[in-house]
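A note on names: the letters A, B, ... follow the listed sequences, proteins ahead of strands, and every chain is numbered from 1.
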Number of protein chains: 2
Amino acid sequence: MSETKTYSIRDLSLEYDITPRTLRFYEDKGLLSPLRRGTQRIYDRRDKGRLALILRGKRLGFSLAEIRNWLDLYDVRDGQVAQARMLLDASEDRMTALLLQREELNETIEELKLQMQQVEGWLDDQGLAAEAAD
Amino acid sequence: MSETKTYSIRDLSLEYDITPRTLRFYEDKGLLSPLRRGTQRIYDRRDKGRLALILRGKRLGFSLAEIRNWLDLYDVRDGQVAQARMLLDASEDRMTALLLQREELNETIEELKLQMQQVEGWLDDQGLAAEAAD
DNA sequence: ACGGTGCTTGACGTTGACGTCAACGTAACT
DNA sequence: AGTTACGTTGACGTCAACGTCAAGCACCGT
């Protein structure tokens, strides 16, 4: 009954527009660990989810090493309180970094918005001047 | 009268915690172009501002090549309408990228927040269970 | 005149994140 | 049996973003 959907290396590479080499590379770096059917890799839903996290992490500018670390934050699988505490601490650290990045991103956006308004204003002035010259 | 503050390469490297090598590298890549007093580099307020933009861009995950391009967006110095239009178009492209990144960043933050709440909830449950066992 | 400090320009080394072969296995089609 | 498609594991290449020397110039205090 439980239809467990799986993916080949090509399936994922096409869907996420990356090369198979990249997927093997991520595996080599310990970011993914798909099952094997003989020698071939077989990715499941969880692998796919992790891949999505990896790619988003990259787009946000994090290194594979960083990503590798916080990927575990999404795998709550053990039942030890100490582990959970450490997990929570690590999560807080990461949250701090993310919030700081959002701050900087917001600043950047605001500054660019200002620049654009200035250029727009200047363009309008030129337009009015041209109109007046008619 | 106009006290124009300047900085040596060491001044900036200390202030921003980067090596002189990095500053020379950025110059080599066309991101900075400080004046020279003889052979020595002499950075002014504008150079310092650009450097701050560069470093923030890096923290947001952009490449030096990307940063180099949009650095010019902050240098409105010519008086051509066509140039201004192009500038505005480029700015809009960059704004789109920034907004998209903010979206992804927000998603990431929300997901992590959820994960943390789950772990916290689990820790609380453990606490209650331990209490009940007393 | 001498040593120290800080700067300069090459030139080569390094690390991360893959790309690009080469050489081979395997399953499917015809 | 041959070819086509898709997969595999090395091994080496590449590009960005610097680090790390080496060798040398310029001023400064003693």
Side-chain angles (χ1 to χ4, degrees), chain A residues 5-44 47-48 50-72 94 97 101 104 108, chain B residues 5-44 47-48 50-72 94 97 101 104 108:
Chain A
K5 185 147 198 176
T6 63
Y7 312 85
S8 76
I9 194 167
R10 188 140 303 261
D11 291 340
L12 289 187
S13 75
L14 287 177
E15 179 161 356
Y16 290 97
D17 196 31
I18 56 182
T19 69
R21 172 72 175 102
T22 301
L23 283 163
R24 295 191 197 101
F25 182 76
Y26 290 166
E27 182 174 349
D28 209 55
K29 294 293 165 181
L31 296 173
L32 294 174
S33 40
L35 293 177
R36 299 297 183 111
R37 181 168 49 200
T39 171
Q40 286 181 228
R41 291 164 175 83
I42 200 95
Y43 300 85
D44 63 6
D47 293 318
K48 193 180 169 187
R50 288 174 72 97
L51 177 57
L53 286 175
I54 293 168
L55 296 177
R56 197 173 59 187
K58 285 212 60 187
R59 285 193 297 274
L60 292 178
F62 296 96
S63 73
L64 293 186
E66 290 173 294
I67 293 172
R68 182 190 136 83
N69 285 330
W70 55 261
L71 261 183
D72 299 337
R94 174 156 165 72
Q101 181 157 352
E104 296 204 299
T108 305
Chain B
K5 183 144 200 178
T6 64
Y7 312 85
S8 76
I9 194 168
R10 188 140 303 261
D11 290 340
L12 288 188
S13 75
L14 288 179
E15 179 161 354
Y16 290 97
D17 196 31
I18 55 182
T19 68
R21 172 71 177 105
T22 299
L23 283 163
R24 295 192 197 102
F25 182 76
Y26 290 166
E27 182 174 349
D28 210 55
K29 294 292 165 180
L31 297 173
L32 294 174
S33 39
L35 294 175
R36 301 295 182 112
R37 181 168 50 199
T39 170
Q40 285 180 230
R41 290 164 176 82
I42 200 94
Y43 299 85
D44 63 6
D47 294 317
K48 193 180 168 186
R50 288 174 72 97
L51 177 57
L53 285 176
I54 293 168
L55 296 178
R56 198 174 57 187
K58 285 211 61 188
R59 284 193 298 273
L60 292 178
F62 296 96
S63 72
L64 293 186
E66 290 173 294
I67 293 172
R68 183 191 134 83
N69 285 330
W70 54 261
L71 260 182
D72 298 339
R94 175 158 165 70
Q101 180 156 350
E104 296 204 299
T108 305

K.L.:
Do K48(A) and K5(A) touch side chain to side chain, with heavy atoms closer than 4.5 Å?
P.N.:
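Not in contact.
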K.L.:
So which atom in L12(A) and which in I18(A) form the shortest heavy-atom distance, rounded to 0.1 Å?
P.N.:
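For L12(A) versus I18(A), the nearest heavy atoms are O-CG1, 4.4 Å.
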K.L.:
Flag the pair Y16(B) / T22(B) as yes when at least one side-chain heavy-atom distance between them is below 4.5 Å, and no otherwise.
P.N.:
no
K.L.:
Are the side chains of R94(B) and N69(B) in touch, meaning some heavy atoms are under 4.5 Å apart?
P.N.:
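When only atoms from C-beta onward are counted, N69(B) and R94(B) do not touch, as no gap falls below 4.5 Å.
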K.L.:
Starting the side chain at C-beta, find the nucleotide from dA17(D), dT8(D), dC18(C) nearest to I9(A).
P.N.:
dT8(D)
K.L.:
Measure CD1/I67(A) against P/dG16(C) and give the value in whole Å, please.
P.N.:
14 Å
K.L.:
Taking atom CZ as the centre, does R68(A) end up with more than 12 heavy-atom neighbours from other residues, nucleotides or ligands that are less than 6.0 angstrom away?
P.N.:
no
K.L.:
Could you state the atom-to-atom distance from CG of L12(B) to C1' of dC7(C) in whole Å?
P.N.:
14 Å
K.L.:
Please confirm whether the backbone N or O of G61(A) pairs with a side-chain atom of Q101(A), one donor and one acceptor, at under 3.5 Å?
P.N.:
no
K.L.:
Ignoring backbone atoms, test whether R10(A) places a side-chain nitrogen or oxygen under 4.0 Å from the OP1 or OP2 oxygen of dT8(D).
P.N.:
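No, R10(A) has no side-chain N/O under 4.0 Å of OP1/OP2 on dT8(D).
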K.L.:
Roughly, in whole Å, what's the span from CZ in R41(A) to C1' in dT8(D)?
P.N.:
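Taking CZ of R41(A) and C1' of dT8(D), I get 7 Å after rounding.
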K.L.:
To the nearest Å, how far apart are Q40(A) CD and dC24(C) P?
P.N.:
19 Å
K.L.:
Looking at Y26(B), does the NZ or CZ of R50(B) lie under 6.0 angstrom from its six-membered ring centre and within 45 degrees of the ring axis?
P.N.:
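The answer is no, since R50(B) fails at least one limit relative to Y26(B).
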K.L.:
Do other residues, nucleotides or ligands put more than 12 heavy atoms under 6.0 Å from the CZ atom of R37(B)?
P.N.:
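Open.
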K.L.:
Are side-chain heavy atoms of E27(B) and L23(B) found at a separation under 4.5 Å?
P.N.:
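No, too far: nothing below the 4.5 Å cut-off.
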K.L.:
For the side chain of T39(A), starting at C-beta, report the closest nucleotide among dT8(D), dT8(C), dA17(C).
P.N.:
dT8(D)
K.L.:
Near DNA chain C, counting only heavy atoms under 4.0 Å, which residues of residues 13-36 of chain B show up?
P.N.:
R24(B), R36(B)
K.L.:
So, OP1 or OP2 of dC18(D): does either fall under 4.0 Å of a side-chain N or O from K58(B)?
P.N.:
yes
K.L.:
Under a cut-off of 3.5 Å for both distances of each Watson-Crick or G-U pair, what dot-bracket string does DNA chain D give, using [ ] for crossing pairs and | for inter-strand pairs?
P.N.:
||||||||||||||||||||||||||||||
